[in-house]
Amino acid sequence: MRASMAPTLSERILARASGLKEVCAGDFVEASVNLAMAHESARLAIVGLNEIFREGRPWRHGPALDPTNAPAGWARNRGRVHRGRRARVWDPNRIVIILDHRAPAESEESASVHRLIRDFVREQGIRSFYDVGEGVCHQVLAEEGHVLPGTLIVGSDSHTTTHGALGAFATGIGATEMAAVWATGKIWLRVPATIKVSLRGRLGRGVTAKDAALYLVKELGAGGAEYRAIEFWGALGAMSISSRMTLCNMAVEAGAKAAMVPPDARTLAFLRAAPPGSPARYWIKTAAARRRGAGESMESCGGSGRMFRACLGMREYREEAGEDGAVYERELELNLSSLEPQVACPHSVDNVKDIRDVEGIEIDQAFLGSCTNGSLEDLQAAARILRKRRVQKGVRLIVAPASRRVYIEGLRRGLIATLVGAGALVLSPGCGPCLGAHMGLLAPGEVCISTTSRNFRGRMGSHQAEIYLASPVTVAASAASGRITDPRRMLG
Amino acid sequence: MVLGDDVNTDLIIAGRYCRMAEPAELARHVLEGTEWEGKVSPGDIIIAGRNMGIGSSREQAPLALKGAGVRAIVAESFGRIFFRNSVNIGLPVMVVPGVRGRVRSGERVLLDFEKGTLEVPAERLVLHGEPLPPFMTEILRDGGLVPHLRRRMGFWTRSGGARALEKRRGNRAECTTTHPVPGLTRDAGDHSHGGA
């Protein structure tokens, strides 16, 4: 049955990553990782890595590694993996570390963590290191051109699913698992079944991808996509990469293992605009050569450099999987045209309501930023609302641009001036108060409307505080009026 | 101890404590601010509802529970990353549908991870859940992924050995790890670690 069916995007990517012709949902595979990303969680991973290499009890099956038996990643470590040798990562060029969760450090402990990570990066020769102030890891990773279509990316952050926006299979793992990936370059994964989400129509005025994402989480429920991948199809042509990132980012709130948008012309344009010298630019440069190669099979995507062999025959995929080629576990349709602004109410992300049901709730704080909604597009949307308005007295509007690039571009276009002029306070690029570590926490009884991805009890400070999640437009409109407001009222 | 549905990782350990890494230190703040604060005692088995440990990938969540002396977690369903993290740090987890409401706080239960059963001897009740794949019980026996790696270079099969794990189900647990190293025989007596 399977033979006649096209594989899903996850099956394709995981088959390639594990060196197999085909895999099916439910299979366990041992896959080679193309890119491993970590933030402050690197600290626990460093502890794990050192522990793996620590001198101590001998290997159970004798001291020597059998090269025919060893996973590929160990090749580089051969001769070094023995107990007591200095810990070495499998490939420093495939590791990216970005400090964002406590940037800059809010406590002595965090400062020490940062320092430990900086030393580790230097010692291991990891070149792709982004220190505090560069931005939220997911924004930076995509913006700096590390994310390539068809690759397998693991990150020790749950929102790693974001990178599916560029057609990668990206999933979140824990720190110990990251240590294992650093040591070997491999990870075991169960190939997920796929939920297909078809988008129809066009987003209305004042309605954004965030509203679509919240609606989707409501439809699926907090565990509705647990152990599954989500593929987005349909009306994505009009959707920017930032919007796609928002969709894929929020998919994890329904439990998704990965969320993907099959690559198209917009994806290529985004990769083309990556900074010179970045993997994406190199990938684009070699893409033409790859296409000229014999046929357009996935094997012919060789090019030069192993990383780029990872690419996927994108056109081929679109044609083959098409609108109804692959086997999906479940199919959902989402009509964007009739979508209203959505708000996730306390204390779970799937407690989503239409804005008219929550309008009028008074707020103390509004937060614009995070890996979900901190892009230039989001600053623009907020600035449009606040251009001729002021933040309501008694309300704090906190803005954290998602990256240095977003910050600079926001400054250049005058968006930051508009926001600060309207009464906002701007934080350094990073996660800000989203995870409740520092800068902008809530007192008991306070209410916050936020563009972030989680409204769990106690997430942003007090357990007695309430967090509502909404789009940047809704957050800006609410900050201006001091209560949760339908942004369409302010867009005229 | 019995928890409810949707106990997310932010509830288990708040973001501001994640700069810590010592299980004992983390344990002081486990489930802080919730109705279960201070009720976890060493040796406990946690019974939870749906979506146990959803949310953030922070490994501090299972670490904090482990630090507080929790010996295993049984839930109707788990957040994916929390499940993996727990196995990786050597904290046994099991999915048992319908477990919530069948077990009361303070009751003694027996768990068998290979068979996937939860037994309440006092009530002569046996619930059937999902057994862990053998390579996971192996990781748990070794005390987590790091000791497991140190011990036997991991669960890796020969490159391209997907489904090998599946095929070997039903064989002895240790066979699911890596290919036997040529020239070295394994005997079962070498693998007696006791149950989870």
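Lettering of chains follows the sequences in order, A, B, ..., and the numbering in each one begins at 1. Because the structure is predicted, anything quoted here is derived from the model rather than measured.
Contact count against chain B (heavy-atom pairs under 4.5 Å) is highest for A:Ala175 among A:Cys434, A:Ala175, A:Ala222. Ranked by heavy-atom pairs under 4.5 Å with chain B, the first of A:Ile173, A:Leu441, A:Val113 is A:Ile173. Between chain B and the residues A:Glu40, A:Gln464, A:His438, A:Arg43, the most heavy-atom pairs under 4.5 angstrom are made by A:Arg43. The candidate from A:Arg457, A:Arg102, A:Glu253 with the greatest count of non-hydrogen atom pairs under 4.5 Å with chain B is A:Arg102. Between chain B and the residues A:Thr171, A:Val349, A:Val252, the largest count of heavy-atom pairs under 4.5 Å involves A:Thr171.
From A:Ser156, atom OG reaches atom CZ of B:Arg58 across 13.0 Å, with rounding to the nearest 0.5 Å.
The main-chain N or O of B:Arg80 is found under 3.5 Å from a side-chain atom of A:Glu226 such that the two form a donor-acceptor pair. Using a distance-only test at 3.5 Å, with no hydrogens or angles considered, a donor-acceptor pair links the side chain of B:Asn85 to the main chain of A:Gly174. B:Glu59 contributes a side-chain N or O that, together with a main-chain N or O of A:Thr176, makes up a donor-acceptor pair within less than 3.5 Å. Not one N or O on the side chain of B:Arg19 forms a donor-acceptor pair closer than 3.5 Å with the backbone of A:Glu108.
Using a 4.5 Å cut-off on side-chain heavy atoms (C-beta onward), A:Ser158 and B:Ile81 make contact. Using a 4.5 Å heavy-atom cutoff, the side chains of B:Asp6 and A:Asp350 are not in contact.
Judged by distance alone, the side chains of B:Ser56 and A:Arg454 never bring a donor and an acceptor atom under 3.5 Å apart.
Only the side chain of B:Phe83 comes within less than 4.5 Å of a heavy atom of chain A; its backbone N, CA, C and O stay farther away.
Across all non-hydrogen atoms, the minimal contact from B:Pro133 to A:Phe28 is CG-CZ, 4.0 Å.
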From CA spacing to verdict: side-chain contact (heavy atoms from CB on, under 4.5 Å), B:Arg84, A:Ile187: CA-CA 12 Å; B:Arg84 276 185 94 111; A:Ile187 189 169; 3.5 Å; yes

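Residues of residues 32-47 of chain B lying within less than 4.5 angstrom of chain A, judged on heavy atoms, are B:Glu32, B:Gly33, B:Thr34 in numerical order.
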